[in-house]
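Take a look at the structure set out below.
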Amino acid sequence: MSDQPRPRASLRTAVVWEVLKDALDRQAEAVGRDALDVLDTGGGTGNFAVPAARLGHRVTVVDPSPNALFALERRAAEAGVADRVRGVQGDILGLFDVVDRDGFDAVLCHGVLEYVDEPAAGVRNAAEALRPSGALSLLAAGVGGAVLARALAGHFTEARQALTDPAGRWGEGDPVPRRFTADQLSGLVSDAGLEIAAVHGVRVFADLVPGVLVDTEPGAVEALLKLEAAVAEQPAFHSVATQLHVLGEKRR
């Protein structure tokens, strides 16, 4: 899997990165430019921004945290892509205070909707930041993964609470303010005027497999990565994924 390391941490990002990289490659071919303008909302320290810049794209990261943006700047410099990565303090609900509408070939919105007060408004802003035929990569926490994780941990009441709670939360101590189903995320993308290009389940097994198994068994990380990739597009596994990824495309 290109441009991604192989340690266990890569299990959290590998499937999304492969989908995103393919989308960027297709977009570059469609517009006839090797370098795209990419917006990463809530991009933090650059987990996706820096690899995208390594591909030659120009990436603007909008994040509310000054500390994250400082770390992003340092990370980009260490990767030799400081000239292609720009950090701006802001958030998705006030997006057009800091960037232009219709200014980007691709927009990333990863791990953001769980924490904003108005997810629909956030997705609309992400869509409005796209140029015609641009692509939106949307990643958010999945309800089913939380239900399964609580049940396997023996917290059956909390599992049921997550299943029935409108926000997908398992209780007052839940650190995630909101979770989504695949249909809910797809609906937000469609309502924002984008076509659904693909839906993926992310971290279907990675968070459930005991760490000692993955860390000590030769070839286990690579095999688990291949399994995650194999089930990512199968709808049957979306309902138990820790995260859900929706790829949307702006209508011309």
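Predicted, not measured: the structure shown is a model, and the values here were computed from it.
Judged by distance alone, the side chain of D37 and the main-chain N or O of D105 form no donor-acceptor pair under 3.5 Å. Judged purely by atom type and a 3.5 angstrom limit, N125 uses its side chain to pair as donor or acceptor with the backbone of I92. Between the side chain of R150 and the main chain of H155, no donor-acceptor pair closer than 3.5 Å is present. A donor-acceptor pair under 3.5 Å links the side-chain atoms of R169 to the main chain of D174, judged by distance alone. Checking side-chain atoms of T45 against main-chain N and O of L72 turns up no donor-acceptor pair under 3.5 Å. Using modelled atom types, one side-chain atom of Q184 and one backbone atom of T181 make a donor-acceptor pair closer than 3.5 Å. Put simply, the side chain of K250 never gets that close to the backbone of G134: no donor and acceptor are under 3.5 Å apart. Checked by atom type and distance alone, the side chain of D91 pairs as donor or acceptor with a backbone atom of G94 at under 3.5 Å. Distance alone, capped at 3.5 Å, places no donor-acceptor pair between the Q161 side chain and the G171 backbone.
Between H110 and F48, the angle of the ring planes goes over 60°, which puts this pair in the perpendicular group of the 30/60° scheme.
There is a path of hydrophobic side-chain contacts, each under 4.5 Å, that joins L152 to L224. There is a path of hydrophobic side-chain contacts, each under 4.5 Å, that joins V38 to V81. At a threshold of 4.5 Å between side-chain heavy atoms, the hydrophobic network of Ile, Leu, Val, Met, Phe, Trp and Tyr places V99 and V61 in two separate groups. In this structure, L108 is a member of the same hydrophobic cluster as V50, with clusters built from ILVMFWY side-chain heavy atoms closer than 4.5 Å. Hydrophobic cluster membership differs between L36 and L136, with clusters built from Ile, Leu, Val, Met, Phe, Trp and Tyr side chains linked at under 4.5 angstrom.
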For a salt bridge (Lys or Arg N to Asp or Glu O under 4.0 Å) check, start with the C-alpha distance between D25 and K21, then their side-chain angles and the critical distance, and finish with the verdict.
CA-CA 6 Å; D25 289 345; K21 183 179 180 298; 3.2 Å; yes
Test R160 against F156 for side-chain contact (heavy atoms from CB on, under 4.5 Å), laying out the working first.
CA-CA 6 Å; R160 186 172 181 275; F156 306 121; over 6 Å; no
Run the side-chain contact (heavy atoms from CB on, under 4.5 Å) check on V189 and S186 step by step: do they pass?
CA-CA 5 Å; V189 173; S186 297; 5.7 Å; no
Where do V204 and T242 land on the side-chain contact (heavy atoms from CB on, under 4.5 Å) test, with the steps shown first?
CA-CA 6 Å; V204 174; T242 300; over 6 Å; no
Check against side-chain contact (heavy atoms from CB on, under 4.5 Å), F205 and V231:
CA-CA 10 Å; F205 303 109; V231 302; 3.9 Å; yes
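For the side chain to side chain contact (heavy atoms under 4.5 Å, CB included) with L185, the lone residue among L244, V199, L139, I196 that qualifies is L244.
Here the closest heavy-atom approach between residue A241 and residue G201 is recorded as CB-CA, 3.7 Å. Summarising the geometry of A129 relative to L39, their closest heavy-atom pair is CB-CD2, 3.9 Å, with the distance given to 0.1 Å. Between G87 and L69, the shortest heavy-atom contact is CA-CD2, 4.0 Å. The two atoms that bring D63 and G42 nearest to each other are OD2-C, 3.3 Å, heavy atoms only. Considering all non-hydrogen atoms of both residues, A52 and V59 come closest at CB-CG2, 4.0 Å. A151 approaches A159 most closely through the heavy-atom pair N-CB, 3.8 Å.
Summarising the local packing, CD of E73 is surrounded by 12 or fewer heavy atoms from other residues, nucleotides or ligands at distances under 6.0 Å. In D117, the CG atom is not crowded: 12 or fewer heavy atoms of neighbouring residues, nucleotides or ligands sit closer than 6.0 Å. In this structure, R33 places its CZ atom where more than 12 heavy-atom neighbours from other residues, nucleotides or ligands lie under 6.0 Å away. Counting heavy-atom neighbours within 6.0 Å of F96 CZ, excluding the residue itself, gives a total above 12.
Of the inter-residue distances, the one linking S239 atom OG with L148 atom CG reads 9.0 Å to the nearest 0.5 angstrom. Atoms OG and CD, on S190 and E195 in that order, are 9.0 Å from each other to the nearest 0.5 Å. For the atom pair CD of E158 and CG of D165, the computed distance is 12.0 Å after rounding to the nearest 0.5 Å. Rounding to the nearest 0.5 Å places CZ of F104 at 13.5 Å from CD of Q27. To the nearest 0.5 angstrom, L24 atom CG is 12.5 Å from D34 atom CG. Distance CZ/R124 to CG/L95: 13.0 Å, rounded to 0.5 Å.
The side-chain contact (heavy atoms from CB on, under 4.5 Å) check on E118 picks up L93, A121, with sequence neighbours excluded. Every side-chain contact (heavy atoms from CB on, under 4.5 Å) that V19 has, sequence neighbours left out, goes to H200, H245, L247.
Residues Q89 and P66 meet the side-chain proximity criterion, which asks for heavy atoms closer than 4.5 Å. Within the 4.5 Å cutoff, side-chain heavy atoms of V123 are placed close to those of L113. Looking at heavy atoms from C-beta onward, L188 lies in side-chain contact with F180 at the 4.5 angstrom threshold. When side chains are defined from C-beta on, S65 does not count as touching F70, because their heavy atoms never get closer than 4.5 Å. Side-chain atoms of F237 and E228, non-hydrogen and from C-beta on, never get closer than 4.5 Å to each other. Contact annotation: the side chain of L130 approaches that of L194 to within less than 4.5 Å [non-hydrogen atoms, C-beta and beyond].
Remark: R178 does not engage E114 in a salt bridge, criterion side-chain N to carboxylate O under 4.0 Å. Ion pairing between D83 and R58 fails under the 4.0 Å rule for side-chain N and carboxylate O.
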